[in-house]
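Some notes on the structure that comes next.
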Amino acid sequence: KALLYNMTPEQQVYADKWNKDHPEDDLVSTEDKLDAKTVEMAQGYDVVSVLQVFDIDEEEVYRKLSSYGIKQIALRSVGYNIVNFDFVHKYHMIVTNTPAYSPRAVAENTLTSAMYLLRKWGPILDNEREHLNFVRSEDLMSDEIYNQTVGIIGVGRIGSCVAEMFHALGAKVLGYDLVENPANEAFLEYTDFDTVVKNADILTLHTPLEPSMENMISAKQFKEMKNTAYLINAARGPLVNTQDLIDALKNKEIAGASLDVMTGEEAIVMKKFKDISELPVEYQELAKMPNVIFTPHSAYYTKTSVKNMIEHSMTDVKRVLNGQKPVYLVEE
Ligand code: NAD
């Protein structure tokens, strides 16, 4: 019997399917987030599952979950930085996540972003929609992907899919990772961080976020990048220094950017605004630039991903309840 916090209508479809396919299980949903105010709802359940951006940092949450006999927090996400592992250990709990729900979803979104930027669809669509201007002016002339160099920082599950896709299109692919996987050498050439940054026509980030990696791409890197290069960040916002990015775009140190994530994204994601002046200041500046694309942390957002978030997390819940080792144990 599992309580699934942060339920959304699209995930509910797959939770209902799970209940139908597994009559021995009972997945119960709530739209609430898990915190000290809502933790008591978990009384009587074997396990809780969450998918939230808000930190679960109140000790009371872990203490109460443990007192209800709950031993596992099943995250329906890749990221686990919302969890306080000191409290997880103190109350002898475990955390599982869903790191492989669909690397291709983010990789395909990265490919889409790259092609959109490269083929200048930002200014082309602005001209058409806002100014009814259909003139094929010289500034709209673009490049072809097959003779571009794509630089990938972090060649893990997602980064290796990205490499495979761009390689298939004929691009040269450079990759940097702390750990080099020989299987990826069919699609890319591993090199050092600075070489990737300097040589990329499209620089795309696919690392996790650790405190030491904040501002991995800042003023120094923007100065080293080609003036014609595009930056894509669908990993984690703080990897990029937002103010340095704004300055680099204004100074034409790079040609454009696609941001699925950004520091402070909680202020805009899943919200609607009436006027640009309501956006946080950095977003206002970037939103005015036709060579910048925002997506609302939606790179992962495909039917396959949503289905797998439920299926992978609940499969691990069953493993744990049956006394087996979970496949996606988060070890911190
Ligand atoms: P992964 O763990 O499979 O791969 C990450 C890779 O980064 C690993 O190969 C690791 O060795 C490497 N790495 C770690 N630190 C590094 C460093 N300092 N320098 C270079 N490489 C380093 O993770 P993944 O599933 O491929 O996810 C990658 C990123 O994508 C994560 O930040 C994740 O949060 C993000 N993500 C975003 C979305 C979205 O919708 N935008 C969805 C899923 C995942």
Side-chain angles (χ1 to χ4, degrees), residues 8 10-11 51-53 75-83 95-114 151-166 173-185 187-197 200 203-218 221 231-240 257-263 265-266 268-270 293-309 312-313 327-332:
T8 57
E10 69 273 19
Q11 287 211 347
L51 173 64
Q52 66 189 47
V53 291
L75 303 173
R76 307 194 297 283
S77 61
V78 182
Y80 46 80
N81 50 325
I82 58 162
V83 175
V95 174
T96 52
N97 67 344
T98 53
Y101 59 71
S102 184
R104 295 195 77 83
V106 181
E108 288 183 12
N109 200 78
T110 301
L111 176 62
T112 309
S113 301
I152 303 176
I153 307 290
V155 195
R157 289 185 189 86
I158 295 170
S160 57
C161 284
V162 171
E164 194 178 341
M165 288 177 189
F166 282 108
V173 185
L174 297 178
Y176 167 70
D177 199 297
L178 302 177
V179 185
E180 297 188 2
N181 176 356
N184 289 330
E185 287 171 7
F187 315 114
L188 60 71
E189 192 185 309
Y190 279 111
T191 181
D192 58 274
F193 177 81
D194 288 345
T195 305
V196 175
V197 168
L203 181 65
T204 182
L205 311 181
H206 299 288
T207 63
L209 174 68
E210 302 290 344
S212 64
M213 291 155 76
E214 281 187 23
N215 299 321
M216 177 194 260
I217 305 295
S218 350
Q221 286 70 36
L231 173 72
I232 300 176
N233 187 8
R236 283 292 176 263
L239 293 171
V240 176
S258 166
L259 306 169
D260 188 52
V261 292
M262 194 167 117
T263 301
E265 69 191 54
E266 301 77 19
I268 70 153
V269 171
M270 299 305 285
I293 318 169
F294 293 115
T295 41
H297 205 137
S298 56
Y300 78 95
Y301 194 54
T302 63
K303 291 172 190 155
T304 305
S305 295
V306 173
K307 171 173 160 286
N308 285 345
M309 285 171 163
H312 291 193
S313 60
V327 172
Y328 300 120
L329 178 68
V330 180
E331 294 185 272
E332 272 285 293

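Counting starts at 1 for both ligands and their atoms, in listed order. All values below come from the heavy atoms of this structure, side chains included, with hydrogens, waters and symmetry mates left out. Bear in mind the structure is a predicted one, so any value in this text is a computation, not a measurement.
The shortest N or O to N or O distance between Ser298 and ligand 1 is not below 3.5 Å. Close N/O approach between Tyr176 and ligand 1 is not found [any backbone or side-chain N/O within under 3.5 Å].
Of all the atoms in ligand 1, the ones that sit under 4.0 Å from a non-hydrogen atom of His297 are 39 (C), 40 (O), 41 (N).
Checking Asn184, Asp177, Thr302 against atom 10 (C) of ligand 1, the nearest heavy atom belongs to Asp177. The nearest non-hydrogen atom to atom 27 (O) of ligand 1, considering only Leu209, Val155, Ile158, comes from Ile158. Considering each of Tyr300, Tyr101, Tyr80, the one bringing a non-hydrogen atom nearest atom 40 (O) of ligand 1 is Tyr300. Ranked by closest heavy atom to atom 4 (O) of ligand 1, the top entry among Ala299, Gly156, Pro296 is Gly156. Scanning Met213, Arg236, Glu210 for the heavy atom closest to atom 33 (C) of ligand 1 points to Arg236.
Contact check for Val330 versus Tyr80: side-chain heavy atoms found under the 4.5 Å cut-off.
By the 4.0 Å heavy-atom criterion, Gly79 is excluded from the residues contacting ligand 1. Under a 4.0 angstrom heavy-atom cut-off, Ala234 registers as being in contact with ligand 1. Heavy atoms of Phe193 stay at 4.0 angstrom or farther from ligand 1.
Looking at Asn109 against ligand 1, nothing comes within 4.0 Å, counting heavy atoms.
Ranking the protein heavy atoms by distance from atom 31 (C) of ligand 1 puts Thr207 O, 3.4 Å first. Closest protein heavy atom to atom 41 (N) of ligand 1: Asp260 OD2, 2.8 Å. What sits closest to atom 5 (C) of ligand 1 on the protein, heavy atoms only, is His206 O, 3.6 Å.
Side-chain contact annotation: Thr110 with Ser113, donor-acceptor N/O pair under 3.5 Å absent.
At most 12 non-hydrogen atoms from other residues, nucleotides or ligands lie less than 6.0 angstrom from OH of Tyr301.
Among all heavy-atom pairs drawn from Leu51 and Gln11, the shortest one is CD2-NE2, 3.2 Å.
The backbone N or O of Val155 sits less than 3.5 Å from a side-chain atom of Asp177, completing a donor-acceptor pair.
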